[in-house]
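Step one of this worksheet: look at the structure below.
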Amino acid sequence: MARYILRYFPVAARAETSKVILSLSGANWKNKYSAWPEDKDAQPAGKLPVLMEYSDTDNDNDTPSFVLGESSAIEQYLATKLNFYFQPDDLKVVARQNELRSHIRDLFETVSLIKLAPDSETKQAFETTFKNIAAYIIKSHSKALKDNGSNGHYFGSSITYIDVALFANIYVFRSKFFDLNPELVDLFSVKNAPEINKVYEAVLANASLASYAA
């Protein structure tokens, strides 16, 4: 059975979806913080997160059997290997799941821009962008969730990749690290986005998340 080390910073951000997938799967994994910028040149493309996969017989000092960078590539690799895609043999269904994931990624990128905005005017502009993207996601994703029976899952009746991605990103938006305007966070409240919150609660209720440390 493979073991994994996920290298990232001690914050809830780009690696969150991968961390939740690893936790829910029961995989043997750990989060390893990198010294930055000292470790920068040792990483693929000089950035994090980075996933390192080891075989049973390896130890953490050995060369990993597989190294992968880029948060979206890591997520999709883990979702495939650890069976989080719904109907993984149906390319159209998998593509739809990746499409929904891309919507959420667009929102995350806007959150990053808000945090890094150099002045209040720029920050306000990015907050408006966040609101516009959030409105689209809430409308279209709520419809997808209702079409699946309003059971707290996008596909089928169990946790899949897109469920995890939604949960992880709502968790990130509510975290202290980004310190989002409460008005933006409230867009995804139970009152304003009940279908989306069903997904959040369904993932949160899974006992396997006891091992999850953001």
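Every heavy atom of this structure was used, including side-chain atoms; hydrogens, water molecules and symmetry mates were not.
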* To do: Considering non-hydrogen atoms only, spot the tightest contact between A134 and L107 and give its length.
  => N-CD1, 3.9 Å
* Which distance, rounded to the nearest 0.5 Å, do you find between the CG of L24 and the CG of L82? -> 10.5 Å
* With a 6.0 Å cut-off on ring centres, are Y200 and F188 close enough? -> no
Under 3.5 Å, sequence neighbours excluded: what are the donor-acceptor pairs made by side chains of residues 86-93?
| unit_1 | atom_1 | unit_2 | atom_2 | d |
| --- | --- | --- | --- | --- |
| D90 | OD1 | K92 | N | 3.1 |
| D90 | OD1 | V93 | N | 3.3 |

* To do: Apply the test side chain to side chain contact (heavy atoms under 4.5 Å, CB included) to residues L51 and S18: give CA-CA distance (whole Å), side-chain angles for both, the deciding distance (0.1 Å), then the verdict.
  => CA-CA 9 Å; L51 179 74; S18 294; over 6 Å; no
* To do: Please find out if less than 6.0 Å separates the ring center of Y77 from that of Y4.
  => no
* Asked: Have E75 and Y161 got a donor and an acceptor in their side chains that come within less than 3.5 Å?
  -> yes
* Transitive ILVMFWY side-chain link L6 to V67, under 4.5 Å -> yes
* Is there a side-chain contact between Y8 and I74, using heavy atoms and a 4.5 Å cut-off? -> no
* Asked: Given F173, which of F108, F130, F178 fulfils the ring pair (Phe, Tyr, Trp, His ring centres under 6.0 Å) condition?
  -> F130
* Structure fact -> Per side-chain contact (heavy atoms from CB on, under 4.5 Å), K131 is matched among T110, L184, N181 by L184
* Could you please spell out the steps behind the side chain to side chain contact (heavy atoms under 4.5 Å, CB included) verdict for E183 and E127? => CA-CA 10 Å; E183 180 184 351; E127 287 182 341; over 6 Å; no
* To do: Give, for atom CE of M52 and atom OG of S65, the distance between the pair rounded to the nearest 0.5 Å.
  => 11.0 Å
* To do: Mind listing the closest non-hydrogen atom pair of R105 and S72 along with its distance?
  => NH2-CB, 3.4 Å
* **Plane angle bin for H103 and H141 - parallel if under 30°, tilted between 30 and 60°, otherwise perpendicular** => tilted
* Asked: For S189, does its backbone N or O pair with a side-chain atom of N197 as donor and acceptor, under 3.5 Å?
  -> yes
* Structure fact -> Heavy-atom closest pair (R14 atom, S71 atom, distance to 0.1 Å) is O-CB, 3.6 Å
* Under 4.5 Å between side-chain heavy atoms, hopping through other hydrophobics if needed: is there a path connecting V190 to Y171? -> no
* Asked: So do the side chains of K115 and V111 get within less than 4.5 Å of each other, counting heavy atoms only?
  -> no
* Structure fact -> Value for OG (S208) from CD1 (I21), rounded to nearest 0.5 Å, stands at 13.5 Å
* Structure fact -> In V199, V203, I159, I162, the residue satisfying side-chain contact (heavy atoms from CB on, under 4.5 Å) with H153 is I159
* For atom NZ of K123, decide whether the heavy atoms of other residues, nucleotides or ligands shown that lie under 6.0 angstrom number more than 12. => no
* Is it true that a side-chain atom of K40 and a backbone atom of G46 form a donor plus acceptor pair closer than 3.5 Å? -> yes
* Full working for side chain to side chain contact (heavy atoms under 4.5 Å, CB included) between L145 and K198 -> CA-CA 9 Å; L145 289 162; K198 287 180 184 178; over 6 Å; no
* Asked: Do K81 and E53 come within less than 4.5 Å of each other through their side chains, counting heavy atoms only?
  -> yes
* To do: I would like to know whether N192 and I138 meet side chain to side chain contact (heavy atoms under 4.5 Å, CB included); could you show each step before the answer?
  => CA-CA 8 Å; N192 293 322; I138 291 168; 5.5 Å; no
* Asked: Considering all heavy atoms of both residues, which atom of V20 and which atom of L209 are nearest to each other, and what is their separation?
  -> CG1-CD2, 3.9 Å
* Without swapping roles, check the side chain of N169 against the backbone of E16 for a donor-acceptor pair under 3.5 Å. => no
* Once you round to the nearest 0.5 Å, how far does CG of L78 lie from CG of L22? -> 5.0 Å
* Structure fact -> Taking every heavy atom of K47 against every heavy atom of W36, the minimum-distance pair comes out as CA-CH2, 4.0 Å
* To do: Write down the atom of T17, the atom of A165, and the distance for their closest heavy-atom approach.
  => OG1-CA, 3.7 Å
* Considering only heavy atoms from C-beta outward, does the side chain of Y154 approach that of Q97 to under 4.5 Å? -> no
* Reported CD1-to-CG distance for the pair I133 and L187, which is rounded to 0.5 angstrom -> 12.0 Å
* Structure fact -> To the nearest 0.5 Å, atom OG1 of T160 lies from atom CG of N83 at 12.0 Å
* Asked: Is there a donor-acceptor pair closer than 3.5 Å between any side-chain N or O of D119 and the backbone N or O of T122?
  -> yes
* Structure fact -> Residues passing the salt bridge (charged side-chain N to carboxylate O under 4.0 Å, His left out) test with E38, sequence neighbours excluded, are none
